[in-house]
2 protein chains.
Amino acid sequence: MPASKSTRMESTTNTRSQILDIAQDLIQRNGVNAMSYADISKAVGIRKASIHYYFPSKEDLVIDLLDRYNEQFYCLLDEIMASPESPKVKLNNYFGLFEETLSSGEQDKACLCGILTAELKTLSTPIVERVTKFYRHNEEYLEQILQSGLETGDFAFAGNPQTMARLIFSLMEGDLLIARADGGVARIQSTIQQMMALIKS
Amino acid sequence: MPASKSTRMESTTNTRSQILDIAQDLIQRNGVNAMSYADISKAVGIRKASIHYYFPSKEDLVIDLLDRYNEQFYCLLDEIMASPESPKVKLNNYFGLFEETLSSGEQDKACLCGILTAELKTLSTPIVERVTKFYRHNEEYLEQILQSGLETGDFAFAGNPQTMARLIFSLMEGDLLIARADGGVARIQSTIQQMMALIKS
DNA sequence: GTCTATATAGAGATAGAC
DNA sequence: GTCTATCTCTATATAGAC
């Protein structure tokens, strides 16, 4: 029973997840509208038509990709929230997620949902909903960290945690996009440090 | 002499600037890679081939568009800098440029260079240089405003004005992109207000 | 300057053999 | 599951008439 399940997983999931990996990589670099089945085909070593076997349409592919990406990201957020660290450390760990995105690979990848945000007006409703959900989830978690930091005395700032959470999320998405083009990891690191300085008590 | 010049301007520049207007609009909505000569053709009421008369290649069009856009934006920045207002008011006027971008038209336009940033890895060097120049210019002006605000006592914040300028620019670009997708003008307004609160003395 | 017509390449997608 | 072959549509771009 575990064997048959594992076999099924390998034969059906391997190529499939490989396609998703490559697609994600290409979108984080070039955007959805500059990513094609031909690009994936070359990188995976499979024919274009075979990709349609797993993902009948490009929209299917992007939807499945976003579901996988969001689930993974939410897991990382949960880990941060569940840790016994102080709010200050939690926030730093949150910032680390964005820094790692840029510092990985050839240092030319931005946040998947950040890239899609720029192309959002060309995308279908199911995709837009998933990107929006990503914002909301991030902002809710950030708000919790900020709120508990105000209570412990880790943080001190004017205004309310919700507005601050939105500001910080916008900042990280924007800085990740810009740092990728100009400034690199050094820029995002100094931005993070500056943001911490602005809200530390 | 002024008459002939004016005639020449009307006959050669009118259609040309109309094309640039539409192209800018389309890019700020959908991105470069989702904008085509066919789209411009429909909106301007001219055939695709005629656009090639003014802009032989799409790259030519985008380069000329960025030159025009940057020049216009730098003029607005100069106006703000030259005014006798306080640093606090100048910064608010700067923020206003971003708020106006979103609140204009159907409320679905982001910053031209912000959109191009997401697609930057698919663009040629001459275009990348112009987008990067836009960042630098904005950040330099912001740094000046912040510096003079520290001197007058309008502002008080940890860290140096350069890092703060970069943070604020990243914030505005990011928030404009996200607000367009979720939150609208209300979001960008509360982000601006929150940012002001963080650096006011 | 603007048009029609066309070249060429690439996109997403389907049918059917193996 | 992966292939070849093909369809349809759209993209950028050019040639040449008016």
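Computed from a prediction, not measured in an experiment: that's the story for all the values here. Basis for what follows: all heavy atoms, side chains included, without hydrogens, waters or symmetry-related copies.
Distance, B:N30 CG to D:dA11 P: 12 Å, rounded to whole Å. One atom, CD1 of A:I51, and another, C1' of C:dA11, lie 13 Å apart when rounded to the nearest Å. Here the P atom of nucleotide D:dG1 and the CD1 atom of A:I19 are 12 Å apart, to the nearest Å. Rounded to whole Å, the distance from NZ on B:K48 to P on D:dA11 is 7 Å. When the P atom of C:dA11 is taken as reference, atom NE2 of A:H52 falls 11 Å away, rounded to whole Å. In this entry the distance linking NZ of A:K58 with C1' of C:dA11 reads 8 Å, nearest Å. When the P atom of C:dA13 is taken as reference, atom CZ of A:R47 falls 19 Å away, rounded to whole Å. Look at OH on B:Y37: it is 8 Å from P on D:dT12, rounded to the nearest Å.
Distances shorter than 4.0 Å separate some side-chain N or O of B:S50 from OP1 or OP2 on C:dC3. Of the side-chain N and O atoms in B:Y54, one or more sit less than 4.0 angstrom from OP1 or OP2 of C:dT2. A:Y53 has a side-chain polar atom (N or O) that falls below the 4.0 Å cut-off from OP1 or OP2 of D:dG1. One finds no side-chain N or O of B:S57 lying less than 4.0 angstrom from the OP1 or OP2 phosphate oxygen of D:dT12.
Counting heavy atoms of neighbouring residues, nucleotides and ligands inside a 6.0 Å radius, atom CD of A:Q72 exceeds 12 of them.
Heavy-atom nearest nucleotides on DNA chain C were determined for A:A49 and for A:S36, and the one closer to the 5' end corresponds to A:S36.
Between B:R166 and A:D182 there is no salt bridge, since none of the side-chain N atoms of the basic residue sits less than 4.0 Å from a carboxylate O of the acidic one. Between B:R187 and A:E139 there is a salt bridge, since a side-chain N of the basic residue sits under 4.0 Å from a carboxylate O of the acidic one.
Using the six-membered ring where Trp is involved, B:F134 and B:F73 have ring planes that are perpendicular, over 60° apart on the 30 and 60° scheme.
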